[in-house]
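Have a look at the structure below, then the notes.
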Amino acid sequence: MTPLPTTAQPQVHGLFDPATWTVTYVVHNGPGSDCAVIDSVLDYDPKSGRTQHASADKVIEYVRANDLKVQWILETHAHADHLSAAPYLRAQLGGKIGIGGNITRVQKVFKGVFNLEPGFKQDGSQFDHLFQEGEVIPLGSLAGEVMLVPGHTPACAAYRFGDAVFVGDTLFMPDVGTARCDFPGGDARALYASTRKLLSLPPETRLFMCHDYPPNDRPVAFETTVAEQRAKNIHVHDGVSEDEFVAMRTQRDATLEMPTLILPSVQVNIRAGELPPKEDNGVAYLKIPLNAL
C-alpha cells in the first residue's frame, strides 16, 4: 500500500490525566470536521473499585465545543496503566473503537492469566475494527495510516495522520526513553525494530506520546519530533545497536515494579473497555490472581 503523504498538519489537542500520567488526544482538521480520539481514560479508584468519567467528560466537552464528529476511538494497545473509556465515549459521541489486530494474541494470554469466563471471545470481536499494517483510517479529509509497532505488547499500533504520529508506549520523551518489554508477549528486539520504523519517518514528523513520566521535576511534555528522538532519546538515539538496546532493556525491566493498575486495566482493556459481565447479584467483579504473576 502506498504510504499517505505527510504534508497535512492536523490539529492535535492533548488532555493530560495526572492520576495515570496518560495523554488522551483528539486529532482533527479544524472546527466542524471529523475527528479521532486516541487512548481515552476511565477514572478508576483502586481503593474503592469505583469508576468515574471526569477525564472522558473533558474529551466530550472539547469535541462538542469544536463541533467535531467522532469517527474513531482508537487504542494504541491494551494498556496496563489505565482503564479505557472507549465504550462511554462511543455512547456519548458515536464512532468506532479500533485497535491493532494482534490484540487477539493478548486476549489469548490474559484469558488464561485471569481464568476468564468461558464465553470470553479471543477473536477481537469486542472491538469494532481490528487494524492491519498499512491500513488507511478514513477520517473525512484527514485520512490516517496504521503502523504496527510490537514490542511493548504484541498488539501495539501507532497511528499517523499527516505529520502527526501517535506512538502509544513505543517511545517516551527523549529523557525517558522507551517502554518496558517484560509483560507477556513483550519482546525487546521487536521493540527496537519498531522504534527504528518510527524514527525512519521524516525528521520533522511530530510524535505524540501516550504517557509522560518527567524526571528531574521538568514540566509534563508529550510532543517531540523524529529528529529530536534520533538525537537525544536515552535508549534509542542514533548509534545504539540492537544488541545494546536489548541488553539495556532486559536489565532495566528486571528492576521495574508492576504498574499499579495493571490487573484491573488489562482485564477491562482486552474487552475494548467494557467491564466484566455482571454476576447473579448484579455486580461486576475484577479478578486478582494470587501468586501467579
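In this chain, numbering begins with 1 at the start of the sequence shown. Atom set for the values below is all heavy atoms of this structure, side chains included, hydrogens, waters and symmetry mates excluded.
For the atom pair NZ (K58) and CG (L15), the distance works out to 7.5 Å, reported to the nearest 0.5 Å. Atom CD of residue E223 and atom CG of residue D212 lie 12.5 Å apart, to the nearest 0.5 angstrom. Between the OG1 atom of T170 and the CG atom of L191 there is a distance of 6.0 Å, given to the nearest 0.5 Å.
Under the 4.5 Å side-chain criterion, counting only non-hydrogen atoms from C-beta, I73 is in contact with L89. Inter-residue side-chain proximity for L286 and L263 is flagged as unmet; no heavy-atom pair is nearer than 4.5 Å. By the 4.5 Å heavy-atom criterion applied to side chains, V37 and W72 are not counted as neighbours. Put simply, the side chain of V167 does not reach to within 4.5 Å of the side chain of T76, judged on heavy atoms.
Of the candidates R196, K232, Q229, D238 forms a side chain to side chain donor-acceptor pair (under 3.5 Å) with just one, namely R196.
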Go through it in stages, so that I can follow the logic: the residues are V63 and V70, the test is side-chain contact (heavy atoms from CB on, under 4.5 Å), and I'd like the CA-CA distance, side-chain angles, deciding distance and then a yes or no. CA-CA 8 Å; V63 167; V70 175; 3.9 Å; yes
Before giving the answer on side-chain contact (heavy atoms from CB on, under 4.5 Å), spell out for M147 and L201 the whole-Å C-alpha distance, their side-chain angles and the decisive distance to 0.1 Å.
CA-CA 11 Å; M147 302 174 68; L201 293 168; 4.2 Å; yes
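A ring pair (Phe, Tyr, Trp, His ring centres under 6.0 Å) check over residues 35-64, counting only residues at least two apart or in different chains, returns the pairs H13-Y62, H28-Y62, H53-Y88. Under the side chain to side chain donor-acceptor pair (under 3.5 Å) criterion, the residue pairs touching residues 110-122 are E117-R271, with sequence neighbours excluded. Annotation: ring pair (Phe, Tyr, Trp, His ring centres under 6.0 Å) contacts involving residues 229-274, sequence neighbours excluded, comprise Y192-F245. Sorted by first then second residue, the side chain to side chain donor-acceptor pair (under 3.5 Å) pairs that include residues 281-293, not counting sequence neighbours, are N281-Y285.
Considering only residues two or more places apart in sequence or on other chains, F172 meets the ring pair (Phe, Tyr, Trp, His ring centres under 6.0 Å) condition with Y213. The side-chain contact (heavy atoms from CB on, under 4.5 Å) search around E61 returns none, not counting sequence neighbours.
Residues H152 and D169 have side chains that bring a donor and an acceptor to within less than 3.5 angstrom of each other. Side-chain contact of H82 with T22: a donor-acceptor pair under 3.5 Å is present, judged by distance alone. Using modelled atom types and a 3.5 Å distance limit, the side chains of S55 and D43 yield a donor-acceptor pair. In the model, T205 has no side-chain atom that pairs as donor or acceptor with a side-chain atom of D163 under 3.5 Å. H77 and T153 are not linked by any side-chain donor-acceptor pair at a separation below 3.5 angstrom, with hydrogens and angles left out of the test. No side-chain donor-acceptor contact under 3.5 Å links T225 and E204. With no hydrogens or angles considered, no side-chain donor-acceptor pair links S84 and N269 at under 3.5 Å.
Around the CZ atom of R218, the shell of radius 6.0 Å holds more than 12 heavy atoms that belong to other residues, nucleotides or ligands. Within a 6.0 Å sphere centred on NZ of K108, other residues, nucleotides and ligands contribute more than 12 heavy atoms. For K69, the NZ atom is densely surrounded, since the number of other residues' heavy atoms within 6.0 Å is greater than 12. Counted within 6.0 Å of CD on Q52, heavy atoms from surrounding residues, nucleotides or ligands total 12 or fewer; the atom is thus considered open.
Of the charged side-chain nitrogens involved, none lies within less than 4.0 Å of a carboxylate oxygen, so that R249 and E244 do not count as a salt-bridged pair. Looking at R90 and D128, a side-chain N of the basic residue comes within less than 4.0 Å of a carboxylate O on the acidic one, giving a salt bridge. Ion pairing between a basic and an acidic side chain is recognised when a charged N comes within 4.0 Å of a carboxylate O; R189 and D243 show such pairing.
Taking every heavy atom of both residues into account, N29 and S141 meet most closely at ND2-OG, 2.9 Å. Across V12 and A164, no two heavy atoms sit closer than the pair CG2-CB, 4.2 Å. Heavy atoms only, all atoms of each residue included: C181 and A188 are closest at SG-CA, 3.7 Å. Closest approach of P138 and V136 over heavy atoms only: CD-O, 3.4 Å.
Taking the six-membered ring where the residue is Trp, the centroids of Y159 and F166 are separated by 6.0 Å or more. Side-chain rings of Y25 and F208 approach one another, their centers coming within less than 6.0 Å.
At distances below 3.5 Å, at least one donor-acceptor pair connects side-chain atoms of E133 with backbone N or O atoms of L148.
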